[in-house]
Amino acid sequence: MRKMFIAGNWKMNGSKLQAQELLSALYDNLADLKNVDCVVCPASPYLDYVSSIIKSSNKQTIELGAQNITPKNIPAFTGEISPAMLGEFGANYVIIGHSERRKLLHETDFLVAEKVDVALDAGLVPILCVGETQEEQAAGVGFAVVARQLEAVLGDVCIDELSRAVIAYEPVWAIGTGLSATPEQAQSMHAHIRKLIANYDVTIAEKIRIIYGGSVNSANATQLLEQPDIDGCLVGGASLKHQDFSDICHIAMGIRK
Ligand code: PGA
């Protein structure tokens with residue numbers, strides 16, 4: 001059975017004080033959490049700070065993820081973040097290909113593939129985001145867009161390597177809008193992604209975790225997480241609220257015991 005994976009994408013939110021308060025509340029709320037991988041992804045300047053809180057907690061409940069990684073592992077690259085730096089700060093995961101970066105920074109499928117390659121090479125787990133825009137959905141090309149995004153990565157890394165990644169299906173129209181995909185919509189895209197992977201390797205398709213993101217909260221998480229091909233969530237806004245995020249983690253725990 002695939003283990004549930006719940007990640008909080010804090011985006012460009014927060015401060016040291018907020019990070020400290022949020023984590024302290026999460027440790028209180030999640031003391032009983034089992035069988036769920038729970039990850040928080042703060043903005044880069046806070047990685048070291050959050051990492052030190054995680055270390056000093058002496059608990060395994062919460063792991064650390066980053067929101068970005070360099071596409072080329074060369075030191076002469078101003079402003080970028082190397083995998084070794086992420087490793088030193090205790091990050092095991094990194095979000096790659098988020099639609100905000102694809103849109104606002106024009107990150108291409110090719111660049112995303114390069115980043116996934118760099119992360120996997122360094123032993124980090126990429127949380128690879130894919131998803132169609134509202135226009136693409138309206139034009140009926142959502143499945144094709146997601147296939148293109150995934151296949152671009154598989155042009156750069158082999159399926160065996162990709163098996164260590166987590167794939168996040170995030171329909172762009174659902175992110176930060178309060179308008180989540182319905183459980184049926186999400187399930188059908190997740191099944192599509194699993195089938196695409198099965199074209200490369202059936203065993204890996206069964207094992208790889210495919211999580212959903214886009215306006216997930218504690219009120220809609222149950223129905224989404226009950227879908228057979230949804231193995232967790234990438235949570236944005238609700239991950240900044242300790243009660244909501246812990247409730248989502250507990251819902252995940254209750255569904256796959
Ligand atoms: P949201 O963001 O939960 O606020 O919609 C999700 C994401 O961008 O990863």
Side-chain angles (χ1 to χ4, degrees), residues 4-14 18-19 22 26 36-44 46-47 50 62-69 91-107 112 115-116 119 124-134 136-137 142 145-146 149-150 153 165-183 185-186 189-190 193 209-225 227 230-252:
M4 284 282 187
F5 186 94
I6 307 292
N9 175 8
W10 293 1
K11 308 195 182 187
M12 204 170 70
N13 291 290
Q18 279 171 337
L22 184 50
L26 288 179
V36 176
D37 285 329
C38 172
V39 178
V40 294
C41 305
S44 306
Y46 299 119
L47 281 171
V50 171
I62 298 172
E63 290 183 277
L64 185 62
Q67 296 177 18
N68 191 27
I69 190 168
N92 301 325
Y93 300 89
V94 55
I95 298 172
I96 298 176
H98 192 283
S99 62
E100 287 154 8
R101 298 187 65 87
R102 289 183 191 258
K103 179 162 182 256
L104 299 170
L105 293 172
H106 312 289
E107 290 200 359
V112 168
K115 291 184 174 198
V116 171
L124 296 166
V125 176
I127 303 172
L128 167 62
C129 302
V130 295
E132 80 286 3
T133 63
Q134 188 163 34
E136 289 162 343
Q137 191 207 32
V145 166
V146 168
Q149 292 171 334
L150 199 62
V153 173
V166 172
I167 296 174
Y169 168 56
E170 296 206 305
V172 182
W173 45 269
I175 295 178
T177 58
L179 190 81
S180 162
T182 65
Q185 280 172 322
M189 184 61 90
H190 282 230
I193 293 170
R209 288 182 292 185
I210 308 174
I211 64 174
Y212 168 80
S215 296
V216 176
N217 55 44
S218 52
N220 61 21
T222 305
Q223 281 192 307
L224 287 161
L225 290 171
Q227 302 302 311
I230 300 187
D231 306 315
C233 302
L234 182 53
V235 187
S239 72
L240 299 168
K241 300 178 202 144
H242 69 86
Q243 197 57 54
D244 247 345
F245 191 65
S246 339
D247 285 351
I248 295 167
C249 291
H250 280 128
I251 289 167

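Source: prediction; values computed, not measured. Just so you know, ligand 1 is whichever comes first in the structure, and atom 1 is the first atom listed for that ligand.
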Could you tell me which atoms of ligand 1, counted from 1 in the order shown, lie closer than 4.0 angstrom to a heavy atom of [X]?
{"X": "G236", "value": "1 (P), 2 (O), 3 (O), 4 (O), 6 (C)"}
{"X": "L234", "value": "9 (O)"}
{"X": "K11", "value": "2 (O), 7 (C), 8 (O)"}
{"X": "G214", "value": "5 (O)"}
{"X": "A174", "value": "5 (O)"}
{"X": "H98", "value": "7 (C), 8 (O), 9 (O)"}

I want to check something: taking the side chain as every heavy atom from C-beta on, are [X] and [Y] in contact at a cut-off of under 4.5 Å?
{"X": "D37", "Y": "R209", "answer": "yes"}
{"X": "L234", "Y": "I95", "answer": "yes"}
{"X": "L128", "Y": "L150", "answer": "yes"}

(request) With heavy atoms only and a cut-off of under 4.0 Å, state how I175 meets ligand 1: side chain, backbone, both or neither. (result)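 It is both backbone and side chain that touch ligand 1.
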
So, regarding [X] and ligand 1 (criterion: nitrogen or oxygen to nitrogen or oxygen, under 3.5 Å), is there a contact or not?
{"X": "G237", "result": "yes"}
{"X": "S215", "result": "yes"}
{"X": "V235", "result": "no"}

Under a 3.5 Å distance rule, please check whether [X] uses its side chain to pair with a backbone N or O of [Y] as donor and acceptor.
{"X": "D231", "Y": "I210", "answer": "yes"}
{"X": "R101", "Y": "N68", "answer": "no"}
{"X": "Q149", "Y": "G131", "answer": "yes"}

(request) Take atom CD of Q134 as the centre, draw a 6.0 Å sphere, and report whether it contains more than 12 heavy atoms from other residues, nucleotides or ligands. (result)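 Not more than 12 within 6.0 Å, no.
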
(request) State whether the number of non-hydrogen atoms from other residues, nucleotides or ligands found under 6.0 Å of Q227 atom CD is greater than 12. (result)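 For Q227, atom CD is crowded (more than 12 foreign heavy atoms under 6.0 Å).
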
(message) Can you confirm whether the side chains of H98 and E170 place a donor and an acceptor under 3.5 Å from each other?
(response)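 E170 and H98 do have a side-chain donor-acceptor pair below 3.5 Å.
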
(message) With a cutoff of 4.0 Å, is G176 in contact with ligand 1, counting heavy atoms of the residue only?
(response)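 Yes; G176 lies near enough to ligand 1 that a heavy-atom distance drops under 4.0 Å.
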
(request) Answer with yes or no whether A238 contacts ligand 1, where contact means a heavy atom under 4.0 Å from a ligand atom. (result)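 A238 does not count as a contact of ligand 1 under the 4.0 Å cut-off.
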
(message) Just to confirm my output: which protein heavy-atom neighbour is closest to atom 7 (C) of ligand 1, and how far is it?
(response)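 For this ligand atom, the closest protein heavy atom is E170 OE2, 3.2 Å.
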
